[in-house]
Undergrad: 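Below are the structure tokens for one structure; questions will follow.
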2 protein chains.
Amino acid sequence: MGRDNWKIIRDQISAEISAGMLQPGAQLPTESQLCQTFHAGRHSVRRAVAALAVEGKLRVEQGRGTFVQVAPLISYHIGRRTRFRQNLLEQGISPAGEQLADAVVPASARVAAALGLAEGSPVHRLLRRGLADGVPINIGLSYHCATRFPDLAAQRMEGVSVTDIYRSHGITDYFRKRTIVFARRPDGEEAGLLMQHPDQPVMVLQKTDVDAAGQPIGYSEAVWAADRVQFSFDSQDEGEAAPESAIDV
Amino acid sequence: MGRDNWKIIRDQISAEISAGMLQPGAQLPTESQLCQTFHAGRHSVRRAVAALAVEGKLRVEQGRGTFVQVAPLISYHIGRRTRFRQNLLEQGISPAGEQLADAVVPASARVAAALGLAEGSPVHRLLRRGLADGVPINIGLSYHCATRFPDLAAQRMEGVSVTDIYRSHGITDYFRKRTIVFARRPDGEEAGLLMQHPDQPVMVLQKTDVDAAGQPIGYSEAVWAADRVQFSFDSQDEGEAAPESAIDV
DNA sequence: GAGTGGTCTAGACCACACG
DNA sequence: GTGTGGTCTAGACCACTCA
């Protein structure tokens, strides 16, 4: 066929999904069948399918087949009193979390710096996965001083919230100090846990929690499925000046 | 050769870049030569090169060759008094901006809503590109009421800052109201303007500027090269509660 | 074992850059 | 024109899933 044939195939399949001819969860024809349908080589068909898988419209499972992906979009607000559960409940989405792993490890240089501890100090490292309506949306690695919060891992495992654990240690209030955001491609494990295509980007959010005195008490890095969430940040109105450039954001 | 051959080729080239055997800006051997070097088919070589191009380590130019990419990383802080120029200067990076296009257009529903205007009202639409040390880092589309700021496009073209234009219209102070962040894959034009691989993700930042009375005066959407920048957001300390979950961010 | 997707080679032709 | 990367077909074999 002509050139850029795989783009034609991609757009055709994409259009059928948009038009509802291919319902979410439905299985696509096999590659052989698609080759015949589009009078194309397998290479072109596979390229088109791969592109749509990256966009999150298709999900390819080796040995089983290719399926139309269901992709919910969540709006996650970060500002005053940000809470995972509440954020999702407000959108009619059911939140859940599961602890995948926990260990006490010596603090790396970065973690030690974030928590204001000496490098090598024992810290809890918790790996958790967050779900929205049963669909994975983030993977979080969090770090807390193991001396200060000895039972944190066990309590979190039992479903005790971070806020309650803090409170039981005399911390009645705490703040998100700063959030760093960037995007990258996930590694294989991250893509697997998020059940997304390895070529679909993820957003990484790093933050430090501090107590009322400004002392760091927790640090976490979370990886979010970029096609399932968008973040909003409120800026304080008081005393802020705005950017001088229109390309500023 | 064996299976997953293309990953071996990818890792080998990646290692040579990390080890400095392939200097930034250097041209890679041609695909034919790489095929011989690795005793592989062209398909495997192309796949390895494509993967590295997506990671930003290589830059492929049709008809010219494949080159080792130089990728600077910028940290862009968003908070009080965020300014494009100052943000970059503080990191020893030279900022620049260029106006790619400007027009007065009827406000779309979304723009009208953001600016508090009636749909179809005339608004300036400015397309600008921001550069850091001569490397494109963002593309911004900004919208302002054309009735309120009749000469905005011309003034911006001459290098007058947004802050100064606001000031000449009696707006002495203004604020970033909210910033929405998400990541996606760029379209072809965006990838071209950012001089990045189409499979490399971009981050989209949407924001509205409001005056001291809370009235919207400007709206912009900017697309950033995700591998060249990371963002940080400060949360206000006053009266904020922190998330209840460790997977929270 | 049958069917699915995953990877690989071989070879052809096209589009673009540059002298 | 020559050399580069871009796309395509054809065919083979491997890995995974499931009956």
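Protein chains get the first letters and strands the later ones, always in sequence-line order, with residue 1 at the start of each. Note that the coordinates shown come from a computational prediction; the quantities given were computed from them, not determined experimentally.
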Undergrad: Sequence neighbours excluded, which residues qualify as salt bridge (Lys or Arg N to Asp or Glu O under 4.0 Å) partners of B/Asp102?
TA: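 Testing B/Asp102 for salt bridge (Lys or Arg N to Asp or Glu O under 4.0 Å), a comparison that skips the adjacent residues, returns none.
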Undergrad: For atom CZ of B/Arg185, is the number of surrounding heavy atoms from other residues, nucleotides or ligands below 6.0 Å larger than 12?
TA: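 For B/Arg185, atom CZ is crowded (more than 12 foreign heavy atoms under 6.0 Å).
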Undergrad: Let's see if you can work this out: which of D/dT7, C/dT9, D/dT9 has an atom nearest to the side-chain heavy atoms of A/His43?
TA: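 Among D/dT7, C/dT9, D/dT9, the one nearest the side chain of A/His43 is D/dT9.
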Undergrad: For B/Glu31 and D/dT7, what is the distance between atoms CD and C1' respectively, to the nearest whole Å?
TA: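 Answer to the nearest Å: 11 Å.
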Undergrad: If you look at every heavy atom in A/Gly25 and A/Phe67, which pair is closest and at what distance?
TA: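 Residues A/Gly25 and A/Phe67, closest heavy atoms: O-CD2, 3.9 Å.
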Undergrad: From C/dT7, D/dT4, D/dA15, pick the nucleotide closest to the side chain of B/Thr30?
TA: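 Closest of the options to the side chain of B/Thr30: D/dT4.
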Undergrad: Taking only the side-chain heavy atoms of A/Arg64 (C-beta and beyond), determine which of C/dC8, D/dT17, C/dC16 contains the nearest atom.
TA: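 Of the candidates, D/dT17 comes closest.
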Undergrad: Between atom CG in B/Asp4 and atom C1' in C/dT9, what is the gap in whole Å?
TA: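 Distance check: B/Asp4 CG to C/dT9 C1' gives 16 Å.
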Undergrad: Give the rounded distance in Å between these two atoms: CD of B/Glu61 and P of D/dG6.
TA: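 Going from B/Glu61 (CD) to D/dG6 (P), I get 10 Å.
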Undergrad: Can you tell me how far C1' of D/dC13 sits from CD of A/Gln62, to the nearest Å?
TA: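 It is 13 Å, rounded to the nearest whole Å.
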Undergrad: Using C1' atoms of five pairs at each end, report the bend of the helix from C/dG1-D/dC18 to C/dC18-D/dG1 rounded to 10 degrees.
TA: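 Here the helix ends are tilted 20° relative to one another.
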Undergrad: B/Glu221 pairs by salt bridge (Lys or Arg N to Asp or Glu O under 4.0 Å) with which of B/Arg128, B/Arg110, B/Arg184?
TA: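 Only one option passes, and that is B/Arg110.
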Undergrad: What pairs with B/Glu189 under side chain to side chain contact (heavy atoms under 4.5 Å, CB included), at least two apart in sequence or on another chain?
TA: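 Side chain to side chain contact (heavy atoms under 4.5 Å, CB included) list for B/Glu189, sorted by chain: B/Asp187, B/Leu193.
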Undergrad: Taking donor-acceptor contacts at under 3.5 Å, does the side chain of B/Arg42 reach the base of D/dT7?
TA: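 Side chain to base: pair found, below 3.5 Å.
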Undergrad: Run through B/Val202, B/Val181, B/Val204, B/Ile137 and flag the one making a side-chain contact (heavy atoms from CB on, under 4.5 Å) with B/Trp224.
TA: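 Considering B/Val202, B/Val181, B/Val204, B/Ile137, a side-chain contact (heavy atoms from CB on, under 4.5 Å) with B/Trp224 is found only for B/Ile137.
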Undergrad: Considering only D/dC8, D/dG6, C/dC8, which nucleotide approaches the side chain of B/Val60 most closely?
TA: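 Taking heavy atoms from C-beta onward, the closest nucleotide is D/dG6.
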Undergrad: Which part of the nucleic acid, if any, lies within reach of A/Gly63 when heavy atoms closer than 4.0 Å are counted: base, sugar-phosphate only, or nothing?
TA: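 Result for A/Gly63 = base.
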Undergrad: Can you tell me which nucleotide in C/dG5, D/dG5, C/dC8 comes closest to the side chain of B/Thr66?
TA: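 The closest nucleotide is D/dG5.
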Undergrad: Rounded to whole Å, how long is the line connecting atom CD of A/Gln27 with atom P of D/dC18?
TA: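 Atom-to-atom, A/Gln27 to D/dC18, this comes out as 11 Å.
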Undergrad: I need the CD1-C1' distance between B/Ile9 and C/dT9, as an integer number of Å.
TA: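 So the two atoms are 12 Å apart, to the nearest Å.
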Undergrad: Do the charged groups of B/Arg46 and B/Glu31 touch, with an N to O distance under 4.0 Å?
TA: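 Yes, charged N to carboxylate O under 4.0 Å.
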Undergrad: Think A/Ser44 has a side-chain N or O under 4.0 angstrom from the OP1 or OP2 of D/dT9?
TA: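 A/Ser44 to D/dT9 OP1/OP2: side-chain N or O found under 4.0 Å.
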Undergrad: Are OP1 or OP2 of C/dG5 and a side-chain N or O of A/Arg46 less than 4.0 angstrom apart?
TA: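 Answer is no, no contact under 4.0 Å.
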Undergrad: Can you tell me how far C1' of D/dG3 sits from CD of B/Gln33, to the nearest Å?
TA: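 Answer to the nearest Å: 11 Å.
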Undergrad: Rounding to a whole Å, what distance do you find between B/Leu58:CG and D/dT4:C1'?
TA: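 For the pair B/Leu58 CG and D/dT4 C1', the rounded distance is 15 Å.
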